There are 2 protein chains.
Amino acid sequence: MPAQWPTADDGAGRAPLTVVDRIKQYILVNRLSPGDPMPTEHELSDQLAVSRSRIREAMKTLSALDIVEVRHGYGTFVGTLSLTGLAESLAFRGMLTSHRDKHFLADLIDLRELLEIDWAPLIVERLDAGTIAAMRALATTMVDLAAQGREFPVEDRQFHQLLVSTSGNALVGQLLDVFWQVHSLVSETLGPASLLPETAQAHHAILDAIETGSAAALEAAIREHYQPIRERMLRSTAGTAD
Amino acid sequence: MPAQWPTADDGAGRAPLTVVDRIKQYILVNRLSPGDPMPTEHELSDQLAVSRSRIREAMKTLSALDIVEVRHGYGTFVGTLSLTGLAESLAFRGMLTSHRDKHFLADLIDLRELLEIDWAPLIVERLDAGTIAAMRALATTMVDLAAQGREFPVEDRQFHQLLVSTSGNALVGQLLDVFWQVHSLVSETLGPASLLPETAQAHHAILDAIETGSAAALEAAIREHYQPIRERMLRSTAGTAD
DNA sequence: CTGGATTTGTGCGTATGTATG
DNA sequence: ACATACATACGCACAAATCCA
């Protein structure tokens with residue numbers, strides 16, 4: 001089946017399509033899936049009748065949104081449509097505004113807490129024993145690391161990923177993971193972590209609540225988990241009054 | 001005050017910074033705010049010692065994330081850090097996967113409903129009379145348009161923006177607005193709208209519930225609002241079995 | 001309103017680095 | 001080790017848009 005190439009003028013609406021839009025159209029019309037190879041820059045340049053510079057700039061836009069993925073010296077492929085762009089954008093917003101606008105981090109934490117609590121009833125009902133065991137192991141590792149004064153980003157991130165994996169809503173899982181990344185990045189700029197043992201222990205408390213089978217208990221445990229994080233944030237912003 | 005320019009080698013970690021990162025650094029170090037002018041491409045090219053093509057490609061990445069905003073023939077400015085990139089990315093994901101993967105739209109609707117319901121207690125408590133009046137006017141307009149068989153995207157979008165404006169959480173407001181845009185774009189590909197009168201009337205029901213002062217009533221009204229939307233989606237996906 | 005200056009947008013040629021086989 | 005295909009990078013010239021005197 002020959003590839004179909006979108007034209008510059010889009011039928012009815014007479015506004016000429018941008019190069020970015022025409023490349024998106026190409027992917028849609030030819031029903032490509034994530035991972036499928038894209039034409040080379042040279043071929044795109046020929047088929048769309050624009051210079052390679054424009055193709056490259058369009059590709060930069062598309063790869064920033066993970067619509068395409070460029071592999072140096074190899075080729076270009078349809079991207080996985082992940083939310084890396086959102087993570088970058090939010091992280092930068094946090095860095096830029098955390099001086100004067102403390103709302104951002106607070107809003108971010110509120111949203112994380114809110115979304116996890118939303119799934120509490122489903123979690124106590126459907127989280128399977130295997131997942132719980134894996135989370136328990138992560139929590140134990142976190143406590144150990146905290147006792148040594150070390151942080152535990154990988155374990156924490158995976159713990160929360162597993163927690164909402166029950167929801168069955170892929171979008172909320174990806175969103176929460178992005179929020180975790182942003183929170184992690186931005187809070188690094190607020191000085192060293194604090195209250196590590198409390199934070200680590202809170203994960204055990206979450207698992208305990210799940211095993212009681214009470215959604216209300218889980219909700220309370222999740223709220224308590226975010227408490228030391230909030231305190232640290234408030235103290236940091238109080239200290240860096242510019 | 002002279003501008004500070006970031007160097008390629010970032011102090012400790014000896015991995016050379018990318019052009020994108022160095023431009024981000026420039027914004028951060030010089031404490032620029034959204035709307036502030038950026039150096040010209042030529043000046044960036046000189047100061048960062050890379051060609052203008054590279055600067056332009058980096059700018060494309062940054063403008064895709066709304067970190068900078070480029071105005072043809074005028075200049076480049078620090079962007080508003082909006083979530084337009086997320087909207088584009090999600091919209092494309094929806095277009096690409098809505099054929100074989102019906103989860104996406106369903107997850108999106110679930111998330112919208114969930115987040116609006118989260119704020120129901122706060123809404124019934126704090127939404128002021130002026131805002132309610134404005135929303136009532138929008139709902140009336142929607143019903144009128146629906147009676148004529150016309151759609152009402154602008155009114156619907158603004159209605160939901162006002163609904164969550166009470167939350168005080170700017171992030172959730174922006175996220176919900178993005179979800180609205182994505183939902184609107186993707187559902188266009190599922191054929192013409194249906195159940196317009198029911199959908200329009202549901203907005204009046206939401207306001208009625210708010211005026212009763214009961215969070216539970218509001219929650220129920222919000223759920224009912226999303227019901228015809230879900231039905232339409234299910235019927236569309238059933239009809240387009242590829 | 002008309003230039004003219006500034007700035008971004010576009011096109012092209014060429015050389016270099018990088019991955020695959 | 002070599003050849004090929006591809007992405008990366010640079011520099012220049014000109015077009016188009018915007019602003020301001």
Side-chain angles (χ1 to χ4, degrees), chain A residues 3 5-10 14-27 30 32 34-80 84, chain B residues 3 5-9 14-24 26-27 30 32 34-80 84:
Chain A
W5 293 97
T7 52
D9 41 67
D10 174 80
R14 77 236 172 274
L17 286 176
T18 66
V19 177
V20 168
D21 283 329
R22 291 175 70 190
I23 295 176
K24 288 205 271 190
Q25 282 285 335
Y26 172 87
I27 297 175
N30 293 94
L32 300 186
D36 287 351
M38 292 284 293
T40 68
E41 292 180 352
H42 184 69
E43 190 172 356
L44 282 170
S45 168
D46 283 354
Q47 293 289 348
L48 302 185
V50 292
S51 69
R52 274 210 302 278
S53 342
R54 293 197 64 196
I55 297 291
R56 287 186 55 69
E57 288 172 7
M59 286 305 196
K60 286 287 181 182
T61 298
L62 292 170
S63 70
L65 306 175
D66 200 19
I67 289 176
V68 304
E69 185 190 340
V70 179
R71 276 186 255 173
H72 190 148
Y74 187 31
T76 309
F77 304 83
V78 178
T80 57
T84 54
Chain B
W5 295 96
T7 51
D9 41 68
R14 78 232 173 280
L17 287 175
T18 66
V19 177
V20 168
D21 283 329
R22 292 173 71 189
I23 296 176
K24 288 206 271 191
Y26 173 88
I27 297 174
N30 293 95
L32 301 186
D36 286 353
M38 292 283 294
T40 66
E41 293 176 352
H42 183 69
E43 190 172 356
L44 282 170
S45 168
D46 283 353
Q47 293 289 348
L48 301 186
V50 291
S51 68
R52 191 162 87 102
S53 338
R54 294 259 292 141
I55 297 290
R56 285 186 56 74
E57 287 171 10
M59 286 306 199
K60 285 288 180 181
T61 298
L62 292 169
S63 70
L65 305 174
D66 200 20
I67 289 176
V68 303
E69 187 190 338
V70 179
R71 279 187 251 173
H72 188 171
Y74 187 30
T76 307
F77 304 83
V78 179
T80 56
T84 52

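Computed from a predicted structure; not experimentally measured. Every heavy atom of this structure was used, including side-chain atoms; hydrogens, water molecules and symmetry mates were not.
When side chains are defined from C-beta on, A/Glu57 does not count as touching A/Val19, because their heavy atoms never get closer than 4.5 Å. Between B/Ile23 and B/Leu48, the closest side-chain pair of non-hydrogen atoms falls below 4.5 Å. Here the side chains of B/Asn30 and B/Asp36 are not in contact, with every heavy-atom distance at 4.5 Å or above. At least one side-chain heavy atom of B/His42 sits under 4.5 Å from a side-chain heavy atom of B/Asp46.
Nucleotides of DNA chain C with any atom under 4.0 Å from a heavy atom of chain A span, from 5' to 3', C/dT10 to C/dT20.
Nearest heavy-atom pair across A/Phe77 and A/Gly35 is CD2-O, 3.5 Å. For the residue pair A/Glu43 and A/Pro39, the shortest heavy atom distance occurs at OE1-CB, 3.9 Å.
For the pair A/Arg71 and B/Thr40, nearest-nucleotide mapping onto DNA chain C gives the more 5' position to B/Thr40. Each of B/Glu57 and A/Tyr74 was matched to the nucleotide of DNA chain D holding its nearest heavy atom; the match closer to the 5' end belongs to A/Tyr74.
Using N1 to N3 plus N6-O4 or O6-N4 for Watson-Crick, or N1-O2 and O6-N3 for G-U wobble, each under 3.5 Å, D/dC10 pairs with C/dG13.
When rounded to the nearest whole Å, the span between CD of A/Glu69 and P of D/dA7 equals 13 Å. Taking atom NE2 on A/His72 and atom P on D/dA9, their separation rounds to 7 Å, with Å as the unit. Remark: P of D/dA5 and NE2 of A/His42 are 12 Å apart, rounded to the nearest angstrom.
Rounded to the nearest 0.5 angstrom, A/Met38 CE and A/Glu69 CD are separated by 12.5 Å.
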Task: Derivation and outcome, salt bridge (charged side-chain N to carboxylate O under 4.0 Å, His left out), residues B/Glu41 and B/Arg52 - done: CA-CA 6 Å; B/Glu41 293 176 352; B/Arg52 191 162 87 102; 2.5 Å; yes

Mind listing the N/O atom pairs, protein and nucleotides 10-12 of chain D, below 3.5 Å?
unit_1 : atom_1 : unit_2  : atom_2 : d
D/dC10 : OP2    : B/Ser51 : N      : 3.3
D/dC10 : OP2    : B/Ser51 : OG     : 3.0

